[in-house]
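So the structure is just underneath, and the comments pick up after that.
No hydrogens, no waters, no symmetry mates; every other heavy atom, side chains included, goes into these values. When a residue number appears, it is its place in the shown sequence, counting from 1.
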Amino acid sequence: MADAKVIPFDDDRDRSRAPGSPAGRGPGDASGASSGAGRSQGPRTGGQAGPGEEPGPGGVRGARRGGTGRRSRLTAVSGRRADPAEDAGEPSGQHRPDAAAAGAGPEGSAAGGSATRRGAAGPAAAEEPAAAEEPAGLLERVLGTEWEARAAEGLAFLRRRLTGEYEVDDFGFDEELTDQVLMTLLRPVFEKYFRVEVRGVENIPADGAALVVANHSGTLPLDGLMLQVAVHDEHPADRHLRLLGADLVFVLPLVNELARKAGHTLACAEDAQTLLERGEVVGVMPEGFKGLGKPFADRYKLQRFGRGGFVSTALRAGAPIVPCSIVGAEEIYPMVGNSRTLARLFGFPYFPLTPTFPWLGPLGAVPLPTKWTIQFGEPLPTDGYPPEAAEDPMLMFNLTDQVRETIQHTLYKLLVRRRSVFF
């Protein structure tokens, strides 16, 4: 017993894997192989991940040290061993300690150097396609899948604007600018800020003339702009609303040009009849400044509709009259006062005083985000009347009163159904 020699477990395992013997696992390696927690079985070659190491970084380190080229590339990219002979327990010359550890000799040095070069190029080569695809994917996520087509359309639009290759009618209406620019700017306000709900837009005919008569309110004429977006975006035929504006609109700088480009024209019988005879959808707000600048205490109470000139125009053109009720515009600028002195100074019909304007400066001009509803009523036909009906004052008065009462009753119904000013 005194001469017995205790052989350590590691020495026994090393002898079982002596040079020239198969590289398969020894009897004592079963548990270590199954659990993955055994120690290294000799010097690791380039690209083989050792136990307890992350496969990816290990592969990179192996590639730098000079393992075999294919093993280094596959290990660096996927983190898996590439030699099937190693898993099958077959001999492999790549695991010889003398060749892998030292890399001595001309052949080992050359192989190691070439493997190092191939292994170092492996991750970069694998990352090149992803890097090439990344800018395109980023542009698609930010600008959408059809960003190239939209960019081409935008460049073509700019070229036409710079060269003057666009058309306007004799009223100054620029359909392309309205569709591409003005509607694009107003649409987020319509959909996201005021969250306008449109009802009964099918009452506007798909083709031919029509006269839309609506209530007017809100201190600033934003209701007219939202009405224009409603007709253009919600109508199945994408029709354009040609609004009739007051004289003040067409004397203000910049506002005059934008109004003409958007299809607005002066509120006179001649212009309105010309547009109706061309088959256009014309919009009019008979209350005018009386409705736009009325106090907040009189909200949703219609003012006088004038002398019924819009009815006479519709009768001459034989166009149907479509009553329209707008709820939500009254509260965007609650007008609690009117400075007549400042109004005369600036030449305005009124100078509004609200809880925020002019006390907060430009910030006070931001409208409140109220919830809007625009409802188009049943059209009132006029083509059944004789031509001389346009000169009958009693008929004009009756039709005017009928349209006004329809709008007023619709406003009351919408207000009763409304849950909140902002929701």
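Between the side chain of Y193 and the main chain of P367, a donor-acceptor pair closer than 3.5 Å is present. Under a 3.5 Å cut-off, the side chain of S312 and the backbone N or O of G308 do not form any donor-acceptor pair. R239 contributes a side-chain N or O that, together with a main-chain N or O of P205, makes up a donor-acceptor pair within less than 3.5 Å. Within the 3.5 Å criterion, the main-chain N or O of L275 finds no donor-acceptor partner in the side chain of E280. A donor-acceptor distance shorter than 3.5 angstrom exists from the side chain of W372 to the backbone of G328, with no hydrogens or angles considered. Although no hydrogens or angles enter the test, the distance criterion places a donor-acceptor pair under 3.5 Å between the side chain of N398 and the main chain of M394. A side-chain donor-acceptor contact under 3.5 Å links T178 to the backbone of K261. A side-chain donor-acceptor contact under 3.5 Å links T382 to the backbone of A319.
Note that CG of D174 is 4.5 Å distant from CG of L177, once rounded to the nearest 0.5 Å. If you take CG on L315 and CG on L395, they are separated by 6.0 Å, rounding to the nearest 0.5 Å. Residue L182 holds its CG atom at 11.5 Å from CD of E176, rounded to the nearest 0.5 Å. Atoms CG and CG, from L411 and L302 in turn, are 5.5 Å apart once rounded to the nearest 0.5 Å. The CG atom of N215 lies 7.0 Å from the CE atom of M285; values are rounded to the nearest 0.5 Å. The distance from atom CD1 of I326 to atom OG1 of T410, rounded to the nearest 0.5 Å, is 12.0 Å.
Between L248 and V251 the shortest side-chain heavy-atom distance falls below 4.5 Å. Within the 4.5 Å cutoff, side-chain heavy atoms of V189 are placed close to those of M226. Taking the side chain as every heavy atom from C-beta outward, L353 and P358 approach each other to under 4.5 Å. Within the 4.5 Å cutoff, side-chain heavy atoms of L414 are placed close to those of R199. Within the 4.5 Å cutoff, the side chain of L399 has no heavy atoms near those of the F310 side chain. A heavy-atom distance below 4.5 Å is found between the side chains of I332 and F194. A heavy-atom distance below 4.5 Å is found between the side chains of F376 and V231. Counting only heavy atoms from C-beta outward, the side chains of F357 and Y333 never approach each other to under 4.5 Å.
Of all heavy-atom pairs spanning G377 and N203, the tightest one is O-ND2, 3.1 Å. The two residues I407 and S325 come nearest to each other via the heavy atoms O-OG, 3.2 Å. Of all heavy-atom pairs between V201 and A230, the closest is CG2-O, 4.4 Å. Nearest heavy atom pair, residue P334 against residue P355, reads O-CD, 3.2 Å. The two residues P320 and P379 come nearest to each other via the heavy atoms CB-CB, 4.2 Å. The shortest heavy-atom contact between S217 and L292 is O-CD1, 3.5 Å.
A donor and an acceptor atom, one from each side chain of H264 and Q228, are located under 3.5 Å apart. Remark: the D223 side chain and the H216 side chain contain an N/O donor-acceptor pair separated by less than 3.5 Å.
Ion pairing of E391 with R316 is present here, as a side-chain N (NZ or NE/NH1/NH2) and a carboxylate O approach within less than 4.0 Å. Comment: D169 engages R242 in a salt bridge, judged by a side-chain N to carboxylate O separation of less than 4.0 angstrom. Using a 4.0 Å cut-off between charged side-chain N and carboxylate O, R195 and E197 make no salt bridge. R159 has a carboxylate O that lies under 4.0 Å from a charged side-chain N of E165, or vice versa, which qualifies the two as a salt bridge. Under 4.0 Å is where a charged nitrogen must lie from a carboxylate oxygen, and between D298 and K290 no such pair does. The residues D170 and R278 are annotated as salt-bridged, a charged nitrogen and a carboxylate oxygen being separated by less than 4.0 angstrom.
Taking a 6.0 Å sphere around CD of E202, one finds it holds more than 12 heavy atoms contributed by other residues, nucleotides or ligands. A 6.0 Å sphere centred on CZ of F422 holds more than 12 heavy atoms belonging to other residues, nucleotides or ligands. Counted within 6.0 Å of CD on E388, heavy atoms from surrounding residues, nucleotides or ligands total more than 12; the atom is thus considered enclosed. The neighbour count for F351 CZ, taken as heavy atoms of other residues, nucleotides or ligands under 6.0 Å away, is above 12.
For the pair R160 and F157, the NZ or CZ position fails the cation-pi test of under 6.0 Å to the six-membered ring centre and within 45 degrees of the ring normal. Cation-pi check for R161 over Y166 is met; the charged atom lies under 6.0 angstrom from the ring centroid and within 45 degrees of its normal.
Aromatic ring centres of F173 and H240 lie closer together than 6.0 Å.
The aromatic rings of F346 and F348 sit parallel to each other, their planes meeting at less than 30°, with 60° as the upper class boundary.
Across K294, R418, R299, a single residue satisfies salt bridge (Lys or Arg N to Asp or Glu O under 4.0 Å) together with E330, and that is K294.
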